[in-house]
Amino acid sequence: MSNVDLIEMKIPAKAEYVGVIRLTLSGIANRIGFSYEEIEDIKVAISEAITNSITHGGVKEGEGEITISFGVYEDRLEVMVADDGESFQLNEVKSKIGPYKKSESMEDLREGGFGLFLIEVLMDKVQINNGLDGVTVLMTKYLNGVGVDLDDDQVSSQS
Amino acid sequence: MSNVDLIEMKIPAKAEYVGVIRLTLSGIANRIGFSYEEIEDIKVAISEAITNSITHGGVKEGEGEITISFGVYEDRLEVMVADDGESFQLNEVKSKIGPYKKSESMEDLREGGFGLFLIEVLMDKVQINNGLDGVTVLMTKYLNGVGVDLDDDQVSSQS
Amino acid sequence: MELNIDIVEERNKSVVRLSGEIDVYTAPQLKEKLLPLTKMTGNEVEVDMEFVSYMDSTGLGVFISALKSSNENSSKLKMINLSDRVYRVFNITGLHEIMDLERINKVER
Amino acid sequence: MELNIDIVEERNKSVVRLSGEIDVYTAPQLKEKLLPLTKMTGNEVEVDMEFVSYMDSTGLGVFISALKSSNENSSKLKMINLSDRVYRVFNITGLHEIMDLERINKVER
Ligand SMILES: Nc1ncnc2c1ncn2[C@@H]1O[C@H](COP(=O)(O)OP(=O)(O)O)[C@@H](O)[C@H]1O
Ligand SMILES: Nc1ncnc2c1ncn2[C@@H]1O[C@H](COP(=O)(O)OP(=O)(O)O)[C@@H](O)[C@H]1O
């Protein structure tokens, strides 16, 4: 018996299926023993990753596919979201994301760029891989809320 | 754009994940427009198929894998449940299943055999395939509750 | 996605309050707790199913074996407060004919 | 998994009652209904979020563009009855500093 259960899902890259994944996630996270608050946080993080795959994946709405893998461990949940769209310049993007800063004037206020930031804040560990054939976001949430750094790259080695 | 959305899931053949599939199903069926009552019926049918894969699939608990595919059409939902376990003698089984009959005495009352019967009653169309490498159950539920016989074997041709 | 099983022992009577889902995952726990109660001669086992939000054939299996056991041991088994959903599963399979079932807000047997 | 948008027009005031989830699927509908209200000079737009069960950054995007529009058109935008969950998303991103937010059972801005 291995110490991880893998659940894999493939959905069309369509906005209407993000809510379905949230339902699946709530069942899985509940099994692991996460609290209501934690489950709601993970829901947001996963939705952000899937939303990015849908809106930035570079595929025409409804034509791409998104793979979501849940790695169920005793002490944590690993979620991988992978699309088959275009990659992006992570460093360039990283300089733009973050919370709202008072210095921003109302006119310049960006209307996006909060998704990756929310993922980073709400999850304990985030790893973004930019492949030739799409983007993979690997997110980890620990049961006790503390992001201990263990050798836990089982799911990532799959990507 | 194709006229069907496919959602595919792979789960470990473990009892604890049947409830997760019910949550996923409720999201998908809700999107299609099924009523609460219909969704509850489909939940039972799918759970019966997955339960059979877990308990009769012939794999040691926790070692097999079950694939569940949802075919989302405008007028119907197709759900396929496939395991990688042993096949069974469908005809032999068919003679045993069905509702309780008054002739059965209390002592002989069977404790199982209601699963496949419930699937047949609750869904509009059921097709069971016995392969060399496992059993595949394909279930269809129409939106209006009427099982019209159309040329709708898109999902089945995948199995 | 869990099943909570609450047992209150009264004189010659056991009241079993269930809440949650009865499926392949939770049915074994239910069987383990329910069967011993039906083995006590003369005992009246009342299962309150008001808060059972889901039940499939795995639940039927448990209640059938509990019914058999109560017949063998001269105890009584009764299910009360069945929702329409839960009753539907007994009804479709014809088991409402041999089980003592009381629907919620509707008296039947 | 849907968002219901109910708009009641009063004198110089629009009350928008939301219920359901704000995500990538529903945000476009919300934007389409909310933005025109902020374009009416002098209008007070009050968004009641008591029954919003889920919101992510796609919701923030809608409210940011509504805020910009209300600044440009001299209207007012206010979100009321925010649950802890919904408030959390505004708060983490720092947007609570520029938005007129009223939490449920808690007055803040
Ligand atoms: N899956 C993805 N595929 C391609 N580009 C992406 C992906 N995810 C994020 N990005 C890039 O990162 C940027 C920041 O993403 P995010 O913080 O979620 O904000 P937003 O989506 O609102 O722009 C996006 O604008 C996009 O350029
Ligand atoms: N996925 C499966 N793999 C192997 N055998 C199966 C499978 N599904 C059903 N069967 C066979 O069909 C029989 C009837 O199934 P069912 O009506 O669900 O009742 P039960 O599971 O309670 O026996 C089972 O006992 C089993 O022999």
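Below, chains carry the letters A, B, ... as their sequence lines are ordered, and counting in each starts from 1.
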Among the listed options D:V62, D:T93, D:D56, the residue most often paired with chain A at heavy-atom distances under 4.5 Å: D:T93
Can you tell whether the side chains of A:E38 and A:K141 come within less than 4.0 Å, N to carboxylate O?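 Result for this pair is no, no salt bridge flagged.
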Less than 4.5 Å to any heavy atom of chain D: does that hold for the side chain of [X], its backbone, both, or neither?
X	result
A:I50	neither
A:L118	side chain
A:V121	side chain
A:F117	side chain

Where does the angle between the aromatic ring planes of D:F63 and D:F90 fall among parallel (under 30°), tilted (30 to 60°) and perpendicular (over 60°)? tilted
Measuring from atom CD of D:E21 to atom CE of D:M55, what distance do you get when rounded to the nearest 0.5 angstrom? 12.5 Å
Could you give the distance from OG1 (A:T67) to CE (A:M9), rounded to the nearest 0.5 Å? 10.5 Å
Sort D:S53 into side chain, backbone, both or neither according to what part of it lies under 4.5 angstrom from a heavy atom of chain A. backbone
Could you check whether D:Q29 and D:T26, counting side-chain N and O atoms only, form a donor-acceptor pair closer than 3.5 Å?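 Per modelled atom types, D:T26 and D:Q29 side chains form no pair under 3.5 Å.
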